[in-house]
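Everything on this sheet refers to the single structure shown next.
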Amino acid sequence: MNFSVTDIGAVLPEIIVAAYACAILLIEPFIPKDRRNILAFFGLAALGLAFYATVNLMWTDLSVMNGMFILDPFGNFFKLILYVAAAMTILLSIGYLKREGIDLGEYYAFILFAACGMMVMVSASDLITVFLGLELASIPFYILAGFKRFEAKSLEASAKYFILGSFSSGILLFGISLLYGLSGTTNLEALAQHLRGEEIGNPAWILAMILLIVGFGFKVAVVPFHMWAPDVYEGAPTPVTAFLSVGSKAASFAVFLRVFVEALGGIQSDWRLLLILLAVVTIVLGNVVALVQTNIKRMLAYSSIAHAGYAVIGLIVGDRLGIVSLMVYMGVYAFMTLGAFGVVMLLRRGGVEGDEIADFAGLARKNRLAAFAMLIFMFSLTGIPPTAGFIAKFYIFMAAVNAGLTWLVVLAVIFTAVSAYFYLKVVMVMYMKEPDENVQMVAPSAAVMVLAVAAAAVLLIGIYPGPFLDLAQNAVLQFR
Amino acid sequence: MVPLSYYVILSLIVFMIGVIGVLIRRNIIVILLSIELMLNAANINFVAFSHYLQNVTGQVFVFFVLTVAAAEVVVGLAIIIALYRGKSTIHVEDVNRMKW
């Protein structure tokens with residue numbers, strides 16, 4: 001075991017975020033109850049510093065801590081997405097927590113801990129760090145999902161997420177233990193080398209691979225491991241839902257990619273068919289079940305399941321273009337989903353959240369800008385140009401066609417057309433229905449800023465995607 | 001010396017008991033115990049492989065798993081207590097406000 005000071009520099013962003021999270025827990029009792037907002041800005045400062053550190057480390061490629069942790073542009077790209085997602089979540093939370101009467105300081109600490117866990121995940125180069133990062137990201141989310149602890153729905157979401165989340169961690173861990181037994185190492189790079197050399201005769205490899213797919217499948221919510229998603233999305237406080245669907249999904253896909261494409265690339269022929277099957281079922285079921293939802297958070301949950309299906313296509317392709325398209329997809333998905341949840345947060349129906357699709361009735365007449373922002377996000381989620389959602393889908397489909405999966409693209413496009421029905425239904429309700437007097441609109445300045453940034457980003461990437469694509473292309477995962 | 005396959009078969013049995021427990025039991029605390037069984041099945045594997053391969057990584061992994069499992073149980077029990085306060089029940093069948 002050797003340890004050098006440069007190792008500290010490589011994990012500086014994680015250290016900053018974790019230290020600020022601990023500091024928030026420590027200073028929280030000394031801050032008067034009505035000024036808890038200060039802690040939010042504390043959290044933003046942590047993310048800002050970590051952002052700065054990551055930008056400075058962006059193009060370094062360094063394996064530290066005895067190969068446990070890898071600092072590379074691929075991980076850094078995902079970290080930048082995570083910082084943006086976490087910062088937007090905190091800004092959206094400020095007004096929301098006060099309205100719901102849950103403005104406790106721990107909230108911001110848990111958001112930072114979860115962000116730190118995801119950062120460890122995207123930089124993990126050993127199955128130990130993969131597992132630790134995954135748990136550090138999941139455990140704060142179990143708590144955050146139940147943060148409205150006087151509300152039955154929120155508690156139920158928390159309990160369901162906890163049971164299914166730790167169940168999937170157990171399955172994943174058993175798969176990891178089998179991989180360790182088969183190869184004698186937990187290092188991803190060493191695993192890849194092990195698989196490159198020899199013929200795979202042992203069926204235990206297949207079992208380990210299936211267990212890993214189940215474990216990661218739970219985390220990214222692909223059918224048939226998606227049952228937790230709609231309930232948790234509906235019950236959890238909306239900013240938590242937004243961060244869960246954006247951050248957790250991006251980080252899980254990053255680690256999914258690292259483990260399968262990099263470490264298990266040698267047995268690609270074995271997992272490819274299984275993932276194609278999962279992608280097909282996910283795209284079909286996610287889009288079809290979303291059609292009948294009346295609650296917008298539930299609808300967005302099924303939409304996020306469907307989007308996970310599209311993103312899995314990038315993973316199946318697994319070449320350079322496939323990886324770039326997955327990275328672009330996750331970046332774009334972050335902006336449009338955060339934006340959509342941001343609008344949902346602003347509606348109130350008699351003292352509680354207005355999270356039914358019917359509550360959007362006549363929003364265009366009540367608040368033209370909010371309705372327009374929602375219109376942009378819904379168009380983008382459908383994949384209509386000139387929004388970023390189109391660029392993201394376009395690249396995924398292009399990668400799949402290049403890899404000879406044309407039939408899969410045809411199926412995905414057909415179900416994208418199906419998805420237009422439930423996305424555009426929200427637009428129709430906003431613009432063509434009479435306003436409902438019982439639904440009020442609140443608009444704290446922080447939330448308005450987030451919506452403006454998200455809408456601008458979606459439009460900008462949609463119209464002028466060059467710089468964003470270049471960033472993803474330069475940061476693509478390097479195979480060793 | 002006990003052969004490696006005995007340990008792997010034991011861990012598979014423990015793991016299956018855990019999975020079946022999560023799927024068929026209705027009390028959340030029993031489900032929590034079943035999840036612990038799953039984690040410990042993996043631990044048996046790690047230690048057995050570590051000894052068989054003469055490689056220390058597996059034993060290091062076990063320490064991390066134990067720590068994580070402890071943290072998970074703490075959060076899980078807290079959630080169960082909160083649930084019990086809200087609903088006066090810890091049976092999963094009664095936790096069903098949301099359905100598709």
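Chain letters run A, B, ... following the sequence lines, proteins first and then strands; every chain starts at 1.
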Is it the case that the side chains of A:E353 and A:T238 hold a donor-acceptor pair, with the cut-off being a distance below 3.5 Å and no angle test?
yes
Side-chain donor or acceptor of A:S154 paired with backbone N/O of A:A145 under 3.5 Å
yes
Region of B:L23 that comes under 4.5 Å of a non-hydrogen atom in chain A
side chain
Side-chain donor-acceptor contact under 3.5 Å, A:K219 with A:S248:
no
Bottom line for B:I35: the part with an atom under 4.5 Å from chain A's heavy atoms is side chain
May I ask you to say whether A:R298 pairs ionically with A:E234, meaning some side-chain N is under 4.0 Å from a carboxylate O?
yes
When the 4.5 angstrom heavy-atom criterion is applied to A:L136 and chain B, the contacting part is neither
Of all of B:G86, B:A48, B:S34, B:S11, which one pairs up most often with chain A through heavy atoms under 4.5 Å apart?
B:S11
Please classify the contact of A:F167 with chain B as side chain, backbone, both or neither, using a heavy-atom distance under 4.5 Å.
both
So with a 6.0 Å cut-off around CZ of B:R85, is the heavy-atom count from everything else above 12?
no
Less than 6.0 Å separating the ring centroids of A:Y180 and B:F61?
no
Counting heavy-atom pairs closer than 4.5 Å to chain B, which one of A:L127, A:L173, A:N187, A:T186 comes out on top?
A:L173
B:L32 portion near chain A, given a 4.5 angstrom heavy-atom threshold
side chain
Student check: side-chain heavy atoms of A:L132 and A:M68 closer than 4.5 Å:
no
Is it the backbone or the side chain of A:I176 that comes under 4.5 Å from a heavy atom of chain B, or both, or neither?
both
Check whether B:L53 gets within reach of chain A through its side chain, its backbone, both or neither, counting any heavy atom under 4.5 Å.
side chain
Where on B:I44 is there a heavy atom nearer than 4.5 Å to chain A: the side chain, the backbone, both, or neither?
neither
Under 3.5 Å, is there a donor on one side chain and an acceptor on the other for B:S50 and B:N55?
no
Which distance, rounded to the nearest 0.5 Å, do you find between the CD of B:E72 and the CD1 of B:I79?
9.5 Å
Heavy-atom distance under 4.5 Å to chain A: side chain of B:F15, backbone, both or neither?
side chain
Under a 4.5 Å heavy-atom cut-off, does chain A meet the side chain of B:V74, its backbone, both or neither?
neither
Under a 4.5 Å cutoff for heavy-atom pairs, which residue among B:I31, B:V65, B:V8 has the most contacts with chain A?
B:V65
